[in-house]
A.B. asks: 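Here you go, one structure.
In the text below, chain A, chain B and the rest are named by the order of the sequence lines, each starting its count at 1. Predicted, not measured: the structure shown is a model, and the values here were computed from it.
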Amino acid sequence: MLTRMSTLFLRTLREDPADAEVPSHRLLVRAGYVRRVAPGVFSWLPLGYRVFRNVERVVREEMDAAGFQEVHFPALLPREPYERTNRWTEYGPNLFRLADRRGADYLLGPTHEEMFTLLVKDLYSSYKDLPLCLYQIQTKYRDEARPRAGILRGREFVMKDSYSFDTTDAGLEASYQRHRDAYIRTFDRMRLQYTIVSAMSGAMGGSASEEFLAACDVGEDTYVRCTTCDYAANVEAVASVAPPPVPLDGLPAAHVEDTPDTPTIETLVALSNARPELARADRPWHAGDTLKNVVVKVVQPDGSSAPLVVGLPGDREVDLKRLEAVLLPGEPVAFEEADFAAHPALVKGYIGPGALGADKPAGIRYLLDPRVVEGTRWITGANQPGRHVFDLVAGRDFVGDGWIDVAEVREGDPCPVCAAAGREGALTQARGIEIGHIFQLGRKYAEALDLTVLDEHGRQVVVTMGSYGIGVSRAVAAIAEQHHDDKGLVWPREIAPADVHLVATGKDEAVFEAAEGLAAGLVESGVRVMLDDRRGVSPGVKFNDSELIGVPLIVVVGKKLVDGVVEVKDRASGERRDLAVDGAVSGIAAQVRALP
RNA sequence: CGGGGCGUAGCGCAGUGGCUAGCGCGCCUGCUUUGGGGGCAGGAGAUCGGGAGUUCGAAUCUCCCCGCCCCGACCA
């Protein structure tokens, strides 16, 4: 394959585009790979489309190698299947909707679970047909409230989505594992550095869902890793470690105190330490000694709502994402003045365990952070304005209706796996881009769409499913994020738009003839060549373009040609060497094959 | 949806009441230069986001609208 820069549809930009913030967006636009069309909607130019198809090819090859079968659904879908799963409604404003000339409703597919499930239901009805894994590489549409970071989060994007169909839990586990292995091979070939994190808390069952997060500071996901073991999880899925319970004997009795002018945790702690009769003997009070009771209103899909109070140490905030994940399908909304008026038992700013719990007159559900174990003593609200209760002991003076693990996760928090094993391991936080997600859907979905097969005893059994996704267009951006320097992109070979960027410099006709000859020889031996055969373009421009575009090997045919040599530079390492023109083809071809 | 910022040539920007709207890059023509975005000369390219208003006069002031970017909310 030979690409001539003299005719290539390309215009590199000398300056950064004003609307691009993150490196991948900036460089992909500057190097002439993509152009923005609308918010979150991009066109792929020749170089960019080549890179895109390389990523797509790697995905397809690994899916095929794993034995999965490719299908292709339309992006334009009728309303009916999505009505059957209630997603026409549930998807809300994120769904691109349209109507045909008769007024019939259509949508642009945001994901295709319905279509896959119904297709299998349509054609298969025996356990003998399973297991089955189908996949497609499809353009997806989601009307994101805020697309961002170029092609990292678009409204139109390309995704590989697969679905597995099994009759047994063990079968699902095996299908899941096959996908996991295929994903590892896929992302390794793309030279992405990533972490596989648990996307569900341990309580909900271990490996049922994992995300592949490419390490990247501008990524949208926050995850934790243990410094001593291999535990890794999305922050939404981290299980907090409860401290050991404290014996109740000898703990001071609870006492209610006037605490005027203490609207915040800080002022409350300051007052508690300032007044001698309230101070602790062993150490000063900390914010973490206060029990903060956060009230939210939980709205259920049927429209009903009820207050929920979460009790947690005062030095931590409730992590909204974690809370939402736990409350699904309910949705937490802010508790407003009108809500307080409707629940007089809740004294704003002074809510305490004394008024809380399903068994109390007010009947308000009260859930506790795992750190509020038996024997811990707290300063907390006394359910009267201007008063707090001190030395209120969990398990002695109050209990919750249960536990809820929704406090923010912090750098340095203990690792749950290490804690369970009696080791000391701490969590560190990092940001990542979600490039893949594997998920054991189970039977819930098949039940909703009535996907059953007959088993060997002739009984109807509900199929169990897995769903698996790779963001193909997003992977292009993720690779760009991880493979660039201050001069431009630095593609891994398999992803790069060419293997060799052959630059002819100067105005000596012999240089161009030699470059043409070299290019022809390389193409002959199977090397993909991009030849900068532009006349009258200064060497500086050509060098800068070659570095910006990021092809892994740069070969310069120029002033050294009179000595019979050309220069070969590794884009990633910057290493360069001179090579005799005679035999340069085989030398370069060998170096190309040795590239990562 | 809340907060912030920005809309002037293909791109990056200057111009805050004055007559013909400017600079750099890019583009076209000619000459020159050829190992790090070179030089000289000439040229094309703009409904100054849109509308309404104030004024002798509006890119500039006022009002309304639209769009884009960033942060947050949201995100199978």
A.B. asks: Do the side chains of Arg97(A) and Asp143(A) get nearer than 4.5 Å, heavy atoms only?
C.D. replies: no
A.B. asks: In terms of side-chain heavy atoms of Val541(A), which of G37(B), C71(B), C13(B) is nearest?
C.D. replies: G37(B)
A.B. asks: Between Pro17(A) and Glu144(A), which residue's closest nucleotide on RNA chain B lies nearer the 5′ terminus?
C.D. replies: Pro17(A)
A.B. asks: Whole angstrom is fine here: how far is it from NZ in Lys569(A) over to C1' in G35(B)?
C.D. replies: 12 Å
A.B. asks: Between C13(B), G35(B), C69(B), spot the one nearest the side chain of Glu567(A), thanks.
C.D. replies: G35(B)
A.B. asks: Less than 4.0 Å between a side-chain N and a carboxylate O, is that true for Lys559(A) and Glu567(A)?
C.D. replies: no
A.B. asks: Checking only heavy atoms, does the side chain of Arg142(A) share a donor-acceptor pair with the base of A76(B) at less than 3.5 Å?
C.D. replies: yes
A.B. asks: Less than 4.0 angstrom between a side-chain N/O of Arg36(A) and OP1 or OP2 of C69(B), yes or no?
C.D. replies: yes
A.B. asks: Could you measure between the two C1' atoms, the one in A14(B) and the one in C23(B), and give it in whole Å?
C.D. replies: 7 Å
A.B. asks: Can you tell me, in whole Å, how much space there is between the P of C68(B) and that of G53(B)?
C.D. replies: 27 Å
A.B. asks: Remember a base hit wins even if backbone is also touched, and classify Glu114(A) as base, sugar-phosphate or nothing at under 4.0 Å, heavy atoms.
C.D. replies: nothing
A.B. asks: Quiz question: going by heavy-atom distance under 3.5 Å, is there a donor-acceptor pair between the base of G37(B) and the side chain of Glu15(A)?
C.D. replies: no
A.B. asks: Roughly how many Å is it from CG in Asp578(A) to P in G35(B), rounded to a whole number?
C.D. replies: 16 Å
A.B. asks: In this structure, how many angstroms lie between the C1' atom of C1(B) and the CG atom of Asn94(A), rounded?
C.D. replies: 13 Å
A.B. asks: Could you tell me which nucleotide pairs with G7(B) by Watson-Crick or G-U wobble geometry, both distances under 3.5 Å, or answer none if nothing does?
C.D. replies: C66(B)
A.B. asks: Between the base of G37(B) and the side chain of Asp545(A), is there a donor and acceptor pair under 3.5 angstrom?
C.D. replies: yes
A.B. asks: In terms of side-chain geometry, is the basic nitrogen of Glu83(A) or Arg79(A) positioned less than 4.0 Å from the acidic oxygen of its partner?
C.D. replies: yes
A.B. asks: Within this structure, what is the CD-to-P distance between Glu220(A) and A73(B), rounded to whole angstrom?
C.D. replies: 11 Å
A.B. asks: Which nucleotide in the list G35(B), G37(B), A76(B) gets nearest to the side chain of Thr111(A)?
C.D. replies: A76(B)
A.B. asks: Tell me if the side-chain of Arg30(A) makes a donor-acceptor pair with the base of G37(B), cut-off 3.5 Å, by modelled atom types.
C.D. replies: yes
A.B. asks: Ala149(A) near the nucleic acid: base, sugar-phosphate alone, or nothing, with a heavy-atom cut-off under 4.0 Å?
C.D. replies: sugar-phosphate
A.B. asks: Base, sugar-phosphate, or nothing: which does Asp161(A) touch, judged by heavy atoms less than 4.0 Å apart?
C.D. replies: nothing
A.B. asks: Would you tell me whether Thr222(A) and Arg431(A) have side-chain atoms, one donor and one acceptor, within less than 3.5 Å of each other?
C.D. replies: yes
A.B. asks: Glu113(A) near the nucleic acid: base, sugar-phosphate alone, or nothing, with a heavy-atom cut-off under 4.0 Å?
C.D. replies: nothing
A.B. asks: So, Tyr468(A) and Ser164(A): side-chain donor and acceptor under 3.5 Å apart, yes or no?
C.D. replies: yes
A.B. asks: Which comes earlier along RNA chain B counting from the 5' end, the contact point of His437(A) or that of Leu548(A), where each point is its nearest nucleotide?
C.D. replies: Leu548(A)
A.B. asks: Once you round it to whole Å, what is the distance between C1' of G37(B) and CG of Asp532(A)?
C.D. replies: 13 Å
A.B. asks: In whole Å, what separates the C1' atom of G15(B) from that of C19(B)?
C.D. replies: 16 Å
A.B. asks: Can you tell me the Watson-Crick or wobble partner of G42(B), both distances under 3.5 angstrom?
C.D. replies: C28(B)
A.B. asks: Under 6.0 Å between the ring centres of Phe73(A) and Phe116(A)?
C.D. replies: yes
A.B. asks: For atom P, what is the distance between G7(B) and U16(B), given to the nearest Å?
C.D. replies: 13 Å
A.B. asks: Phe116(A) CZ to A76(B) P: how many Å, rounded?
C.D. replies: 19 Å
A.B. asks: For G17(B), which nucleotide is its Watson-Crick or G-U wobble mate, given both distances must be under 3.5 Å?
C.D. replies: none
A.B. asks: Pick base, sugar-phosphate or nothing for Arg11(A), based on heavy-atom distances below 4.0 Å to the nucleic acid.
C.D. replies: sugar-phosphate
A.B. asks: Which whole number of Å gives the distance between the C1' atom of G17(B) and that of C56(B)?
C.D. replies: 12 Å
A.B. asks: Can you tell me which nucleotide in A76(B), G35(B), C71(B) comes closest to the side chain of Pro539(A)?
C.D. replies: G35(B)
A.B. asks: Nearest of C68(B), A76(B), G38(B) to any side-chain atom of Pro39(A)?
C.D. replies: C68(B)
A.B. asks: How far does the P atom of G51(B) sit from the matching atom of A58(B), given to the nearest Å?
C.D. replies: 14 Å
A.B. asks: Counting heavy atoms from C-beta on, name the nucleotide in C11(B), G37(B), G35(B) closest to the side chain of Asn544(A).
C.D. replies: G37(B)
A.B. asks: Across all strands shown, which nucleotide pairs with A58(B) by Watson-Crick or G-U wobble geometry, both distances under 3.5 Å?
C.D. replies: none
A.B. asks: Within less than 4.0 Å of OP1 or OP2 of U34(B), is there a side-chain N or O belonging to Lys507(A)?
C.D. replies: yes
A.B. asks: Within this structure, what is the CZ-to-P distance between Phe543(A) and G38(B), rounded to whole angstrom?
C.D. replies: 14 Å
A.B. asks: How would you label the contact of Lys542(A) with the nucleic acid (heavy atoms, under 4.0 Å): base, sugar-phosphate, or nothing?
C.D. replies: nothing
A.B. asks: When rounded to the nearest Å, what value does the distance between C1' atoms of A76(B) and A9(B) take?
C.D. replies: 44 Å
A.B. asks: Answer yes when Arg60(A) and Glu70(A) have at least one side-chain N-carboxylate O distance shorter than 4.0 Å, and no when they do not.
C.D. replies: yes
A.B. asks: Answer yes or no for Arg535(A) and Phe512(A): cation-pi contact, defined as NZ/CZ to six-membered ring centre under 6.0 Å and angle to ring axis within 45°.
C.D. replies: yes
A.B. asks: Measure from the side chain of Val556(A), starting at C-beta and using heavy atoms only, and say which of G37(B), G36(B), G35(B) lies closest.
C.D. replies: G35(B)
A.B. asks: Provide the distance between the two P atoms, one in C27(B) and one in G37(B), to the nearest whole Å.
C.D. replies: 16 Å
A.B. asks: In whole angstrom, what separates Arg146(A)'s CZ from C71(B)'s P?
C.D. replies: 5 Å
A.B. asks: Can you give me the closest heavy-atom contact between Lys140(A) and Thr111(A), atom names plus distance?
C.D. replies: NZ-CA, 4.1 Å
